[in-house]
Amino acid sequence: MKPRITEPAAAQQPRFDGVSIAVHWLTLVLVVGTFGAATAIGQLQDEASADALLTWHRSLGVAIWTLSAARLVWRMTRARIPPLPRSMSAPLRLAAHVNAWALYLLMLVQPLTGVAQTVYRGHPFELFLWRIPALVGRDKAMVHLWHAVHEWGAWLFAALVGLHAGAALFHTLVLRDGVLARMWPRSGPIAIREPRSQR
Ligand code: HEM
Ligand code: HEM
């Protein structure tokens, strides 16, 4: 029999607090912008435009780091963290937690490997409106090393986001167990399957 979908049940779904939800979706916008800028840099012939885009890329990356550090402090002190649905098996819950913590780790480490790559280039660079002077002399070997680490980190980041978003959509469209409703600003449009005991 097809599961019965109820909006009232979705409305009762315990959700993350407003700050966590706002920061989660803002981070998504920043991550898309950071990847978008990085991809576009390679397509541009004009050096001045490529430099401007690289400054955007670096600035958005630093914004992600700052927001994620603040988000973790909020999570550990004030956040409301709703439990995952009881219908999820223990291994799936573990996978969701490992994925979330790996994402937190990358949101903090990826910008740092970008900064390392930038600093070892050995010339001044801009972040937002600030001009940062050259901090060390040019070191080609370190630039190569950090460029490779940054590139692999970006692939890993993209893969984890893909898994994470895919899982969220699978929960929403197929399982309909309210996982996305926990992170959604309004629970209205996201219907969930009513728990067996309430049918
Ligand atoms: C979460 C944050 C970040 C993500 C997801 C990210 C992702 C990327 C990606 C996908 C590339 C292209 C890789 C390649 O093929 O070379 C790249 C390149 C680069 N990133 Fe980042 N990055 C982030 C933060 C930063 C930060 C904070 C900085 C420096 C302050 C930075 C500096 C660079 C530099 C210098 C390049 C090489 C660009 C070029 O010369 O073509 N990144 N980044
Ligand atoms: C750059 C992209 C994204 C990043 C870095 C990211 C990161 C995270 C993190 C770290 C959490 C764990 C929250 C916590 O427990 O403190 C989370 C939860 C969640 N995210 Fe994302 N997310 C991204 C994109 C998306 C997208 C595109 C969707 C939906 C299609 C989504 C849906 C969810 C849902 C439903 C939760 C709550 C489920 C849970 O607690 O595991 N996220 N996200």
Side-chain angles (χ1 to χ4, degrees), residues 13-17 19-21 23-44 47 50-51 53-68 71-72 74-76 79-85 88 92-121 123 125-128 130 132 143-144 146-173 177-185 187 190:
Q13 181 75 0
R15 292 185 299 141
F16 281 86
D17 58 282
V19 172
S20 301
I21 292 175
V23 173
H24 175 271
W25 296 109
L26 176 60
T27 305
L28 170 64
V29 173
L30 293 176
V31 169
V32 169
T34 309
F35 270 100
T39 313
I41 292 166
Q43 320 292 320
L44 290 175
E47 210 174 300
D51 277 355
L53 215 49
L54 187 51
T55 296
W56 272 103
H57 174 79
R58 289 169 170 155
S59 304
L60 291 178
V62 169
I64 291 170
W65 188 92
T66 312
L67 200 60
S68 303
R71 176 176 174 182
L72 274 175
W74 175 263
R75 192 188 198 280
M76 286 186 264
R80 184 175 68 231
I81 306 159
L84 285 164
M88 274 175 78
L92 269 186
R93 281 161 197 259
L94 181 68
H97 284 128
V98 170
N99 180 281
W101 285 105
L103 283 171
Y104 276 127
L105 188 71
L106 273 167
M107 287 188 281
L108 292 175
V109 171
Q110 183 68 8
L112 296 182
T113 62
V115 169
Q117 179 192 169
T118 299
V119 165
Y120 280 113
R121 289 182 174 194
H123 35 77
F125 60 97
E126 275 149 31
L127 282 180
F128 303 101
W130 298 298
I132 317 289
V143 174
H144 279 123
W146 289 112
H147 182 90
V149 175
H150 194 65
E151 197 174 342
W152 279 102
W155 280 110
L156 183 60
F157 199 167
L160 286 175
V161 169
L163 266 178
H164 175 76
L169 291 178
F170 184 73
H171 277 277
T172 308
L173 302 174
D177 56 6
V179 162
L180 185 56
R182 296 161 69 249
M183 194 45 108
W184 201 251
S187 53
I190 297 172

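The basis for the numbers below is simple: all heavy atoms, side chains too, and nothing from hydrogens, waters or symmetry mates. In each ligand, atom 1 is the first atom listed, and ligand 1 is the first ligand listed.
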Going by the 4.0 angstrom heavy-atom rule, the piece of Ala168 near ligand 2 is side chain

A student comparing His150, Arg121, Glu126, Glu151 should find that the heavy atom closest to atom 23 (C) of ligand 1 comes from His150

Specify side chain, backbone, both or neither for Trp184, according to which of its non-hydrogen atoms lie closer than 4.0 Å to ligand 2. neither

Arg71, portion touching ligand 2 at heavy-atom distance under 4.0 Å: side chain

Please work out whether any backbone atom (N, CA, C, O) or any side-chain heavy atom from C-beta onward of His147 is under 4.0 Å from ligand 1, and answer side chain, backbone, both or neither. side chain

What do we get for Phe35 next to ligand 1 when only non-hydrogen atoms under 4.0 Å count, side chain, backbone, both or neither? side chain

State, without any angle test, whether Thr118 and Arg58 hold a side-chain donor-acceptor pair at a distance under 3.5 Å. yes

Heavy atoms only: which of Arg75, His164, Arg182 is nearest to atom 24 (C) of ligand 2? His164

Just distances here: any N/O of Tyr104 and N/O of ligand 2 closer than 3.5 Å? yes

Any idea which of Leu103, Ile21, Leu169 brings a heavy atom closest to atom 4 (C) of ligand 2? Leu103

Just heavy atoms, cut-off under 4.0 Å: does Arg58 contact ligand 1 by side chain, backbone, both, or neither? both

Ligand 2 versus His97: contacting region, heavy-atom distance under 4.0 Å: neither

